[in-house]
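I have placed the structure first, in the form of structure tokens, so that the comments after it can refer back to it.
Residue numbers start at 1 and run along the sequence shown. All figures in this text were calculated on a predicted structure; none of them were measured in a lab.
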Amino acid sequence: MDEKPTVKFPSFNKVKVAVGAVLALIIGYVLSQSFFYAEPGYIYHVRTVTGNEAVVTEIGYKFYPFGRYNSWKRAMTVQAVSGSSQDAITSEKDANNASASLPPLSIMFLDQVDAHAQATVRFSIPSDEESFLKLAHEYRSPENLLRTALLPVFKETLQANASLMTAEEYYAGGRTEFNSEFENQMRSGIYLVKREEVNVKSGRSAIGSANIALGTDQEEYGEDDKTIFVVQKVLDATGQPRRKQQRFTDYGITVVSALVTDIKPNQKFIERMQLKQKASADRAIAREQRVQEEEQRLLAIARGEREVAERQAKAKVDQIQKTTEAQTEKQLAITRAEKLKAEAEIQRETAEINLEKARIEAETQRTLADAEAYQKQVILEADNALAQKLEAEIKIQQLWAEAYAKRKVPTNVFGSGSGSGAPVGNDYETKAFMQMLTLDAAKRLSYDRDMVKE
């Protein structure tokens, strides 16, 4: 009879180890499907196996027994930058912190100039449970929110904002206004506008110079007006601009920031702008040259006026000097004339005084002469004109004396030695002769030399 094989059962310890391992695997699996770690900067939409929903905003490990969860960034960024791909859309893992990256968007300005714009908009999703669950139910995942809501709004608003101004206005100083309007429309809604054609006066009518007969009064030529496109905002009854509301605001999503970082127009516009810049620079240079020429002209005029003023001032000084000198000469002449007049007056008065003095002296002399004549007459009457007789005698004696002195006497006189005296012609004879003449004259005068005693 054949022997039956012997069945060996594992030992109890081995079974216990195996069961423990299985239980550990089961517990590990259950734990791995029931806990997750909530990262900072995210909001989690948790669905449990029992059909309950929860919103997790705190950081740390969270329990969701055999449920599911989606992570949403608290702030999602949509940007159009160079070097991005349109398909590079992520919501969970993004190395450059962007929720969606697009290549530069093509926009069209009001004057039909196309350009590529780079912009960035950052959205903030709601954190309260009711608004977040409404958002999660509507879009179910961040990818759907980006593709169906945020990206279209980003593109539409950027393109609508470009239609509010021309490219020339943007590059002529409207960059700040463009950025401000973009952020305003992203937050509050897109303006409802209407595009109109408007004829405006250019104010730069050209004047020809071909008709020489007209001289400087030439006729105008060229167009004085031009047609431009103007975008008018549609206003409501209160006068406020009407807007197309942003749909994402219904779910509590807000715009944190909206920036337009760069706009590059097409090459033709760039070339046109370069030509315009060159023309503007040429005009500026010409304007500066014109200003310089005007300054030179004004300088020449000022210099000429200064020279004329200097000459006038010098001539005025000379005139004043000559006038002063003439006035001085005149005053001096007047002074000399007055001096001469005064001197003549003094001389006249002196002459009158001298005349009067002479007259008085003459009267005095006449009176004295009369007195003297009277005195002489009295004396003559008193002494029988003795004084006159004496004077006549003196003169006679003077005449004889002079004659005697001038007589010619011989050097040698020879006479006889008789006793009759000196020879004839000597001094003795002459003296005797003179005595005889004197006696004769005295007799003829017949006056008495004796003084009459009263």
| note | Heavy atoms of Ala115 and Pro265 approach each other most closely as CB-CA, 3.5 Å
| query | Roughly how far, to the nearest 0.5 Å, is CG of Asp250 from CD of Glu138? | reply | 9.5 Å
| Considering all heavy atoms of both residues, which atom of Val121 and which atom of Ala258 are nearest to each other, and what is their separation? | CG2-CB, 4.1 Å
| Below 4.5 Å, heavy atoms only, C-beta onward: do Arg242 and Tyr191 meet side chain to side chain? | no
| task | Taking the side chain as every heavy atom from C-beta outward, state whether Leu145 and Tyr251 have any atom pair closer than 4.5 Å. | result | no
| Would you say the side chains of Tyr170 and Arg175 form a donor-acceptor pair under 3.5 Å? | yes
| task | Working to the nearest 0.5 Å, report the span between CG of Leu275 and OG of Ser280. | result | 12.5 Å
| message | Do Ser82 and Pro104 have side chains that approach each other closer than 4.5 Å (heavy atoms only, starting at C-beta)? | response | yes
| Chi angles and distances behind the side chain to side chain contact (heavy atoms under 4.5 Å, CB included) call for Thr249, Gln246 | CA-CA 6 Å; Thr249 58; Gln246 304 288 16; 4.1 Å; yes
| query | Under the side chain to side chain contact (heavy atoms under 4.5 Å, CB included) criterion, do Glu177 and Glu181 qualify, and how do the steps go? | reply | CA-CA 6 Å; Glu177 181 183 358; Glu181 289 293 346; 4.3 Å; yes
| Taking atom types as modelled, is there a side-chain donor on Glu183 or Ser257 under 3.5 Å from an acceptor on the other? | no
| field | Gln185 side chain to Asn161 side chain, donor-acceptor N/O pair below 3.5 angstrom | value | yes
| request: Would you check if Arg243 and Ser188 make a side-chain contact, meaning some heavy-atom pair closer than 4.5 Å? | output: yes
| query | Between Thr157 and Val153, is there a donor-acceptor pair closer than 3.5 Å when you use the side chain of the first and the backbone of the second? | reply | yes
| Step by step, would you call Gln327 with Thr324 a side chain to side chain contact (heavy atoms under 4.5 Å, CB included)? | CA-CA 5 Å; Gln327 291 291 337; Thr324 304; 5.6 Å; no
| Parallel, tilted or perpendicular: which describes the rings of Trp72 and Phe132, with under 30° parallel and over 60° perpendicular? | perpendicular
| remark: dist Glu329:CD -> Ile334:CD1 (nearest 0.5 Å) comes out at 11.5 Å
| note | Heavy-atom nearest pair, Arg272 first then Val113, reads NH2-CG2, 3.8 Å
| request: Please report the closest heavy-atom contact between Ile190 and Ala160, naming both atoms and the distance. | output: CG2-CB, 3.7 Å
| request: Answer yes or no: is there a side-chain heavy-atom contact under 4.5 Å between Leu110 and Met165? | output: no
| said: Just verifying a value: how many Å separate Lys341 NZ and Thr335 OG1, rounded to the nearest 0.5 Å? | reply: 13.5 Å
| query | Can Val308 and Arg311 be said to form a side chain to side chain contact (heavy atoms under 4.5 Å, CB included), step by step? | reply | CA-CA 5 Å; Val308 171; Arg311 288 196 296 269; 3.4 Å; yes
| request: Provide the closest heavy-atom pair for Ala100 versus Leu151 in the form atom of the first, atom of the second, distance. | output: CB-CD2, 4.0 Å
| What's the spacing between Lys339 NZ and Ile346 CD1 if we round to 0.5 Å? | 10.5 Å
| said: For the aromatic rings, using the six-membered ring if either is Trp, is the centroid distance between Tyr171 and Phe269 under 6.0 Å? | reply: yes
| Distance-only donor-acceptor check, side chains Asn179 and Thr176, under 3.5 Å | no
| message | If you define the side chain from C-beta out and look only at heavy atoms, does anything of Val256 sit under 4.5 Å from Phe123? | response | no
| request: Measure the shortest side-chain to side-chain distance between Lys155 and Leu102 over non-hydrogen atoms and say whether it is less than 4.5 angstrom. | output: yes
| query | OG1/Thr323 to CD/Glu325 distance, rounded to the nearest 0.5 angstrom? | reply | 9.0 Å
| query | Can you find a side-chain donor-acceptor pair between Thr261 and Gln79 that sits under 3.5 Å? | reply | no
| said: Is it true that, when you exclude Lys244 itself, more than 12 heavy atoms of the residues, nucleotides or ligands shown sit nearer than 6.0 Å to its NZ? | reply: no
| query | Is a salt bridge present between Glu352 and Arg348, judged by a nitrogen-to-oxygen distance below 4.0 Å? | reply | yes
| request: Just do the side-chain hydrogen bond (donor to acceptor under 3.5 Å, both in side chains) check on Thr166 and Gln112 with the steps written out, would you? | output: CA-CA 8 Å; Thr166 63; Gln112 306 302 312; over 6 Å; no
| Just wondering, do Asp114 and Phe109 contact through their side chains at under 4.5 Å, heavy atoms? | no
| request: Any chance you could lay out the salt bridge (Lys or Arg N to Asp or Glu O under 4.0 Å) test for Arg297 and Glu294, step after step, and finish with the verdict? | output: CA-CA 5 Å; Arg297 185 182 68 84; Glu294 181 66 17; 2.3 Å; yes
| query | Closest approach of Leu150 and Met76, non-hydrogen atoms and distance? | reply | CD1-SD, 4.3 Å
| field | Enclosure of Arg74 CZ (heavy-atom neighbours >12, cutoff 6.0 Å) | value | yes
| Taking Glu310 as the fixed residue, which of Gln312, Lys314, Arg306 is the one that meets the side chain to side chain donor-acceptor pair (under 3.5 Å) rule? | Arg306
| request: Count the heavy atoms of every other residue, nucleotide or ligand shown that sit under 6.0 Å from CD of Glu130, and state whether that count exceeds 12. | output: no
